[in-house]
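Input: a single structure, listed below in structure tokens.
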Number of protein chains: 2
Amino acid sequence: MQLKELSDATGTSPASIKYYLREGLLPPGESVHATRASYSDRHVKRLNLIRALRQIVQLPIEQIRSILVLADDGVPHLTLLAHVQRVVLKLGTEGGEVARTSAADAVVRLRNWPDVDSDARDALNRHISLMEGLGIGLPPDLLDQYSSAVDSIAGFDLAATTEGKDTDSVILTAAVGMHMHSELMLKLLALAQASHAIRRLDDRQMPP
Amino acid sequence: MQLKELSDATGTSPASIKYYLREGLLPPGESVHATRASYSDRHVKRLNLIRALRQIVQLPIEQIRSILVLADDGVPHLTLLAHVQRVVLKLGTEGGEVARTSAADAVVRLRNWPDVDSDARDALNRHISLMEGLGIGLPPDLLDQYSSAVDSIAGFDLAATTEGKDTDSVILTAAVGMHMHSELMLKLLALAQASHAIRRLDDRQMPP
DNA sequence: TCTACTGGATAGTGGCTCTATCTTAGAGCT
DNA sequence: AGCTCTAAGATAGAGCCACTATCCAGTAGA
């Protein structure tokens, strides 16, 4: 398979493919000779992964590269998934100490999750502090409800993520899955808010 | 108050303020004479709103403008909130017909939300279809759990959003709140996934 | 009057993701 | 063998976005 075919197979312009090659996201094809290189199914898979991370999850090239480098280093999936999380959650950009809210810790105990330090946990703690700082109140049982919901999805999701797939698929499922669930939540919340708003505001404007 | 003071009061560079003025996000100050204009508290509020929408919610200038135009037109808050949702949910970019999944409709009935067509509902339907198309499975009761959680938050949130505030504050609370809840969800999900992953993958790698 | 600073207009910057062009060289057909 | 077509590789440029720096002119305060 040569570049043009790779392009056709993935719907990516040859120019973009060349760009990804230059950036080291896509390994070079096997060079047949000076003016012909051949690409394999692995390239198709990899390219699809890159495109999904760019277009759906909207990760910048640099971060996609950081994920792929790990994947190609053959690190354990657990390590890889942790890194994918770090990237999708946009951690590492915001430095600083971990907040002293222990809301996340409470959730961990409640859900009986393994009590391990993790970036996700720090991120959650930091985020809750941030919301408090912004004066966005969290009803007391909200975290319970949320965490119950995500707890049930996580097992389900992870099964799909890890069941004997190749590394590229694991990344894709994990990153795209996280993104999609978060968007799902956003849209559900919007619908809920719209519904409540209609009830509350419409009544005011046109009383019975 | 002149430009420099406005800058100090909001931590925004004078150059950026000028830019927002040019873009019509910020109404011009009252022109005292050719080389002096005076800005009011309204400008401080507006500027803080703009900054929050840029830096926290990360909306592009163009969309911020579309929100502010509506706000200044004095449309009803319900209309305004609907538009804010549309922008935060990134609707309107993806054209096309509404999917035929009626998952969102089921949720609406279950939650006893007013059965009104809305962009949020269309967005939810479209998103669920998209996830199905990507092969991201949703456990049967997941939407119930999610929607139960967001239902309880929406009322709570909306009370904070609408209680006798000026329009700029309503926008800020709504947009920032939506964004923050969605991020919260993302981080909770990450933590849940990390926890499940540790249980599942760690055991494999180092059996007891 | 002179200086310092302001407001206003215009042009430029930097980061990012591509995209277009140019050159060289082998492939396949006749 | 010769001719054309297209690929690969390298380099430079485009286009978008959110600023930011520069320039000019006018006025306030010393």
Side-chain angles (χ1 to χ4, degrees), chain A residues 1-40 43-44 46-68 87 90 92-93, chain B residues 1-40 42-44 46-68 87 90 92-93 175:
Chain A
M1 181 186 296
Q2 50 192 42
L3 197 144
K4 186 63 187 313
E5 302 172 77
L6 183 57
S7 163
D8 291 341
T10 60
T12 309
S13 78
S16 295
I17 294 177
K18 288 182 177 183
Y19 171 63
Y20 296 144
L21 286 168
R22 280 199 302 283
E23 292 296 321
L25 301 191
L26 201 57
E30 193 176 352
S31 182
V32 175
H33 57 251
T35 167
R36 206 110 328 185
S38 100
Y39 302 92
S40 65
H43 287 92
V44 176
R46 172 58 57 97
L47 187 48
N48 282 330
L49 173 59
I50 294 170
R51 288 255 109 184
L53 293 180
R54 276 289 305 138
Q55 303 190 328
I56 300 180
V57 193
Q58 309 205 13
L59 297 181
I61 296 296
E62 175 55 37
Q63 300 193 329
I64 295 176
R65 176 168 36 226
S66 76
I67 293 175
L68 298 181
V87 168
K90 302 176 194 66
T93 43
Chain B
M1 181 185 296
Q2 50 192 44
L3 197 143
K4 187 62 187 314
E5 302 172 76
L6 183 58
S7 163
D8 292 340
T10 60
T12 309
S13 78
S16 295
I17 294 178
K18 287 182 177 185
Y19 171 64
Y20 297 143
L21 285 167
R22 281 199 300 284
E23 292 296 321
L25 300 191
L26 200 57
E30 193 175 352
S31 181
V32 175
H33 57 250
T35 167
R36 205 108 331 181
S38 99
Y39 302 92
S40 66
R42 276 197 56 248
H43 288 91
V44 175
R46 173 58 58 96
L47 188 47
N48 281 330
L49 173 59
I50 294 170
R51 289 255 108 184
L53 293 180
R54 275 292 304 138
Q55 303 189 328
I56 300 180
V57 192
Q58 309 205 19
L59 297 181
I61 297 296
E62 176 56 37
Q63 299 193 330
I64 294 177
R65 178 169 36 226
S66 78
I67 293 175
L68 297 180
V87 168
K90 303 175 194 65
T93 43

All heavy atoms of A/Leu68 vs all of A/Ile50, minimum pair found to be CD1-CG1, 4.0 Å
Along DNA chain C (nearest heavy atom to each residue), the more 5'-positioned of A/Gln55 and B/Tyr39
B/Tyr39
Give me each pair satisfying salt bridge (charged side-chain N to carboxylate O under 4.0 Å, His left out) with a member in residues 18-27 of chain A, each pair once, sequence neighbours excluded.
A/Glu23-A/Arg65
In this structure, how many angstroms lie between the [atom2] atom of [N] and the [atom1] atom of [X], rounded?
| X | N | atom1 | atom2 | result |
| --- | --- | --- | --- | --- |
| B/Lys4 | D/dA28 | NZ | C1' | 17 Å |
| A/Leu59 | C/dT17 | CG | C1' | 14 Å |
| B/Gln58 | D/dC19 | CD | P | 11 Å |
| B/Leu3 | D/dG26 | CG | P | 19 Å |
| A/Glu5 | C/dA27 | CD | P | 15 Å |

Go through residues 9-23 of chain A and report each residue with a non-hydrogen atom lying under 4.0 Å from DNA chain D, sorted by number.
A/Lys18, A/Arg22
Using a cut-off of less than 4.0 Å, is there contact between a side-chain N or O of A/His33 and OP1 or OP2 of D/dA8?
no
For C/dA25, does OP1 or OP2 lie under 4.0 Å from any side-chain N or O of A/Arg36?
no
Base, sugar-phosphate, or nothing for B/Gln2, non-hydrogen atoms under 4.0 angstrom?
sugar-phosphate
How is B/Arg65 classified with respect to the nucleic acid when contacts are heavy atoms under 4.0 Å: base, sugar-phosphate, or nothing?
nothing
Donor-acceptor under 3.5 Å (B/Arg54 side chain, B/Leu59 main chain):
yes
Side chain of B/Ser7, backbone of B/Thr12: donor and acceptor closer than 3.5 Å?
yes
Do B/Val57 and B/Ile64 pass the side-chain contact (heavy atoms from CB on, under 4.5 Å) test, and can you show the C-alpha distance, the side-chain angles, and the key distance before you say yes or no?
CA-CA 10 Å; B/Val57 192; B/Ile64 294 177; over 6 Å; no
Would you say the side chain of B/Thr35 and the base of D/dT27 hold a donor-acceptor pair, judged only by whether the two atoms sit under 3.5 Å apart?
no
Short side-chain donor-acceptor distance under 3.5 Å, B/Tyr39 and B/Arg46:
no
